[in-house]
Amino acid sequence: VQLQASGGGLVRTGGSLRISCAASASIFSGALRINDMAWYRQAPGKQRELVARITSGGTTTYADSVKGRFLVSRDYAKNTMTLEMNSLKPEDTAVYYCNADYLILRDSGNVAGRLDGQGTQVTVSS
């Protein structure tokens, strides 16, 4: 199973960015089912923090610091997740990581796990 993040970049304070994450698995692995997905971020010298989470049923939760500014969504058919970030602030600068709980359905037995994708840099200039 792989998580591929894309998007991010440099934007000025008050600007917007969109980052996306796509989950995939080898066809030889079995049928892939993605449960909860989430975005985390980690700024230099700070602990990793949860930014937004979206469940398999579409329930969303956000960190207080991004509520009202960020919107997380999913395309369940494509196993993708998008984070729309608006009214960006310098304190939003961080490496953003996507995360997914997955289940691989196989005749030999299902495999469940949690995976982080590679990070994507978001930089907000003041």
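Rounding to the nearest 0.5 Å places CZ of R74 at 6.0 Å from CD1 of I54. Atom OG of S56 and atom OH of Y76 lie 6.5 Å apart (nearest 0.5 Å).
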Inset, instruction - Apply the test side chain to side chain contact (heavy atoms under 4.5 Å, CB included) to residues N99 and L115: give CA-CA distance (whole Å), side-chain angles for both, the deciding distance (0.1 Å), then the verdict. - result: CA-CA 6 Å; N99 172 278; L115 184 67; over 6 Å; no
Inset, instruction - Output, in order, the C-alpha distance, side-chain angles, deciding distance and verdict of side chain to side chain contact (heavy atoms under 4.5 Å, CB included) for C21 and M37. - result: CA-CA 9 Å; C21 177; M37 298 186 79; 4.2 Å; yes
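Judged by distance alone, with hydrogens and angles left aside, the side-chain atoms of N110 form a donor-acceptor pair with the main-chain N or O of R106 at under 3.5 Å. With hydrogens and angles disregarded, no donor-acceptor distance shorter than 3.5 Å links the side chain of R48 to the backbone of Q42. Side chain of T120 to main chain of G7: a donor-acceptor pair is present (N/O by atom type, distance under 3.5 Å, no hydrogens or angles). Listed for the T93 side chain is a donor-acceptor partner under 3.5 Å among the backbone atoms of V124.
Using modelled atom types and a 3.5 Å distance limit, the side chains of R41 and Y96 yield a donor-acceptor pair.
Linking ILVMFWY residues whenever their side-chain heavy atoms come closer than 4.5 Å, directly or via other members, places F70 and V11 in the same cluster.
Here K89 does not pair with D92 in a salt bridge; the nearest charged N to carboxylate O distance is not below 4.0 Å.
Residues passing the side chain to side chain donor-acceptor pair (under 3.5 Å) test with T123 are Q121, sequence neighbours excluded.
Each side-chain hydrogen bond (donor to acceptor under 3.5 Å, both in side chains) pair with one or both residues in residues 10-20, not counting sequence neighbours, appears once here: S16-N86, R18-E84, S20-T82.
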